[in-house]
Structures are given as structure tokens and as C-alpha cells.
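What follows is one structure encoded as C-alpha cells, with my remarks underneath.
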Amino acid sequence: MSKRKRSLSIDKRLKDGRGQGIGVDYKPWITIQDVPSLGRATRLKGLKIPRQFEFLSDLERNYFYLLEYSDAVIDIREQFPLLPIEETIVIADELGIRHPTDPKTGEPIVMTTDFLVTINNQQHQYLARTLKYKDELMNERTLEKFEIERVYWERQDINWGIVTELEIPKEMAHNIAFFHGYWDLSTIEGFEEVTASDIEDMSTYFISKLLAEDKTVKHLAKGFELDFGMVIGCGLSLFKHLIATKAIEVDLLDKLVLNKIQQIKAVRKDFSIKVRAI
């Protein structure tokens with residue numbers, strides 16, 4: 001097949017580093033500015049990989065929360081391009097499927113997969129995942145494009161799959177969203193001047209109360225604020241921090257309710273030793 005002339009928009013994106021890099025240096029091929037008509041698009045600052053992530057639907061955002069909380073995942077690249085474009089064009093031709101095109105110019109566009117995930121499984125393993133609501137899987141054109149995508153990743157020897165809302169525990173995603181921004185307390189009101197050593201002592205205290213007292217999280221949080229002279233809200237912030245950093249493990253498949261007694265499934269070993277020493 002003769003080499004196709006790249007469109008200027010593809011060249012510009014490549015020049016800007018779109019779809020390239022890993023970790024904090026990765027730049028998604030598509031950003032929210034590129035698709036201004038989508039109303040459910042969101043941006044989030046990552047914790048595991050501290051850069052801005054771009055999501056084009058609630059489904060993508062919820063899936064991201066699960067990925068970021070998983071210990072197995074070490075890198076997440078969203079809106080990942082299937083390059084070179086000539087490869088998906090060849091696949092489409094072989095399959096007898098029309099390649100996606102720009103509706104304005106009629107030129108072939110670069111296809112993307114929603115997530116390329118790196119798993120730390122002795123050696124790095126890559127998973128390509130496309131997010132779609134189950135009702136949209138009935139669309140014939142959607143399935144055609146997925147077939148191009150599937151064959152592309154198969155030829156890269158990378159596992160590809162479709163994830164629908166049925167595979168994403170919605171309550172768990174909402175719970176992670178609830179404490180996602182509390183991994184680093186230094187940016188949270190009331191903790192700006194608190195040292196790491198003091199936060200460790202406060203955490204040990206709070207965990208001991210969670211384990212020993214049959215009181216609601218809100219009640220314990222209020223007691224913590226009084227005992228340590230902290231401003232209102234710091235107790236709940238510390239509780240979220242403990243879950244975010246996995247100092248304590250709770251059942252995330254159930255909605256976190258602050259007005260109830262929180263059952264603690266496990267305490268991280270370093271804190272478990274300190275709590276027993278109190």
C-alpha cells in the first residue's frame with residue numbers, strides 16, 4: 001500500500017507529543033477541548049501518576065478510579081491512539097469495513113482506545129480497554145469500529161477488551177471519588193502546617209478509636225478535632241486519608257456512610273503495630 005499523506009491535524013498532534021510518553025509525561029491523543037460538544041467530559045488530577053487525565057464520559061471516569069486504586073496498575077494512558085494510521089486503514093480494508101473519517105473533510109481519522117493500562121505482573125503487561133455503555137453495543141457501526149480496534153491490538157499482541165457499566169461497581173467508584181483527593185493532606189485545610197510525623201500520630205489515634213469505640217465516623221471525627229485542636233472538617237479529612245492511603249481497609253462495595261459505625265476489615269501492618277502499642 002502506498003504511503004498516505006498525513007493530515008495537518010495528525011502531524012500537529014504528533015509534533016505536540018500527543019499519544020506519546022509514559023507516566024507523567026504521557027499526553028492523551030484527544031483532550032476535552034478537542035470534543036467541546038460532549039457534556040460529560042471531566043478532568044482529574046491523578047495520584048498514582050500525578051498528571052491531568054482527560055475523560056470523555058462518566059464511564060471512563062469511574063473506570064479510572066478503579067484503576068488508580070488498584071495496586072496492580074502502575075500506569076494509565078487514556079485516549080491512546082492506534083498509530084500509525086496506515087495500519088488501521090489496512091485492517092479496515094482487509095475486513096471490508098469503512099474506516100472512521102472526519103465528517104467535515106472525509107479524511108481518515110486516528111482511532112483511539114480509551115485506556116492502555118500497564119500492569120506490574122512480574123514483568124510489565126499491557127491491557128487495552130474500551131469503555132462503552134451496554135446499550136450502545138447494539139449499534140452495528142460501533143461494532144465494526146470495535147472489530148478494527150480488536151484486530152489492531154491482536155497484532156500488537158496486547159489483550160484488548162470492552163468494559164461496560166456492568167463490570168464497574170458503581171458504589172466502589174463513588175467511594176473512591178469520595179476520598180480520592182485526600183491522599184496528600186498537606187493541601188487540605190487545617191493540615192497545611194502539620195508535619196508528617198504528627199499526621200502519623202494522629203492516624204494512629206484515629207485508627208485506635210475506629211477499632212475500639214462503637215461510634216459513628218462523624219462522632220469520632222468530632223472527638224478527634226477537639227482532642228487535637230483541629231478545625232472543623234479535619235476529622236473527616238483524616239478518615240478519608242486513611243482509606244486513600246490504605247492505612248485502613250473498609251468494604252468499598254458498600255456506600256460509605258459517615259453517620260454509621262464503620263467496620264474496619266484490616267489495618268495496614270505498620271499502623272497495626274502502633275495501635276497495639278497504645
Side-chain angles (χ1 to χ4, degrees), residues 26 28-49 51-82 97 100 109-119 121 125-154 158-183 240 243-244 246 249-258 265:
Y26 174 74
W29 186 259
I30 300 172
T31 66
I32 290 175
Q33 288 94 334
D34 299 325
V35 284
S37 61
L38 293 179
R40 304 300 298 187
T42 53
R43 291 192 183 93
L44 273 178
K45 178 74 179 294
L47 300 176
K48 183 175 293 179
I49 305 104
R51 65 171 176 83
Q52 182 171 278
F53 286 78
E54 308 267 344
F55 308 112
L56 305 184
S57 70
D58 290 350
L59 197 60
E60 291 182 15
R61 182 205 58 209
N62 288 345
Y63 188 60
F64 168 78
Y65 280 131
L66 302 186
L67 292 175
E68 190 160 72
Y69 197 65
S70 168
D71 290 332
V73 174
I74 59 174
D75 197 12
I76 305 166
R77 285 176 279 181
E78 80 281 25
Q79 321 305 343
F80 192 85
L82 278 53
I97 295 173
I109 60 173
V110 173
M111 298 179 67
T112 58
T113 290
D114 294 324
F115 290 98
L116 181 62
V117 182
T118 308
I119 303 292
N121 185 15
Q125 177 187 0
Y126 300 101
L127 302 175
R129 291 291 181 262
T130 291
L131 280 291
K132 210 68 173 176
Y133 290 100
K134 64 180 178 61
D135 289 347
E136 298 179 49
L137 297 179
M138 303 298 288
N139 184 288
E140 185 178 351
R141 179 56 181 156
T142 297
L143 295 178
E144 286 182 348
K145 289 187 282 189
F146 283 172
E147 184 59 10
I148 300 172
E149 200 174 342
R150 184 191 68 77
V151 174
Y152 173 89
W153 286 114
E154 184 178 67
I158 290 176
N159 180 291
W160 173 83
I162 299 171
V163 178
T164 74
E165 69 272 26
L166 300 180
E167 284 78 50
I168 299 175
K170 195 173 181 180
E171 206 64 77
M172 185 173 183
H174 286 177
N175 283 334
I176 296 173
F178 178 66
F179 58 74
H180 184 260
Y182 291 83
W183 191 88
K240 296 176 185 178
I243 304 176
K246 300 185 179 179
E249 182 183 342
V250 300
D251 186 359
L252 292 179
L253 293 176
D254 284 339
K255 182 178 181 180
L256 288 172
V257 180
L258 302 177
K265 294 175 63 179

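Computed from a predicted structure; not experimentally measured. Each residue takes its place number in the sequence, starting with 1.
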Which heavy-atom pair separates Arg129 from Asn159 by the least distance, and what is that distance?
NH1-OD1, 2.8 Å
Minimal heavy-atom distance between Ile243 and Leu256, with the atoms involved, is CD1-CD1, 4.0 Å
To the closest 0.5 Å, what do you measure between CD (Glu171) and CG (Leu253)?
9.0 Å
Measure from NZ or CZ of Lys45 to the centre of the six-membered ring of Phe53, then state whether that distance is under 6.0 Å and the direction lies within 45° of the axis.
no
CA sep, side-chain torsions, deciding dist, call: Phe64, Phe55, side-chain contact (heavy atoms from CB on, under 4.5 Å):
CA-CA 9 Å; Phe64 168 78; Phe55 308 112; 3.2 Å; yes
Identified ring-ring contact (aromatic ring centres under 6.0 Å, His included) partner of Tyr69 from the options Phe179, Tyr63, Trp183
Phe179
Salt-bridge present (Arg43, Glu54; N to O < 4.0 Å):
yes
Set out, in order, the CA-CA distance, both residues' side-chain angles and the distance that settles side-chain contact (heavy atoms from CB on, under 4.5 Å) for Leu44 and Tyr65, then state yes or no.
CA-CA 10 Å; Leu44 273 178; Tyr65 280 131; 3.5 Å; yes
SB check Arg61 Glu78 (cutoff 4.0 Å)
no
Take Lys134 and Glu165 through the side-chain contact (heavy atoms from CB on, under 4.5 Å) test and state the conclusion after the steps.
CA-CA 7 Å; Lys134 64 180 178 61; Glu165 69 272 26; 3.3 Å; yes
Glu249/Lys265 salt bridge by N-O under 4.0 Å criterion
yes
Per-pair distances, 0.1 Å, donor-acceptor, side chain in residues 110-119, under 3.5 Å, sequence neighbours excluded:
residue, atom, partner, partner atom, Å
Thr113, OG1, Glu149, OE2, 2.7
Thr113, OG1, Trp153, NE1, 2.7
Asp114, OD2, Leu131, N, 2.7

Show the nearest heavy-atom pair for residues Trp29 and Asp34, with the distance to one decimal.
O-OD2, 3.9 Å
Do Glu60 and Asn62 have side chains that get closer than 4.5 Å, going by heavy atoms?
no
Does the side chain of Gln52 come within less than 4.5 Å of Thr31's, by heavy atoms?
no
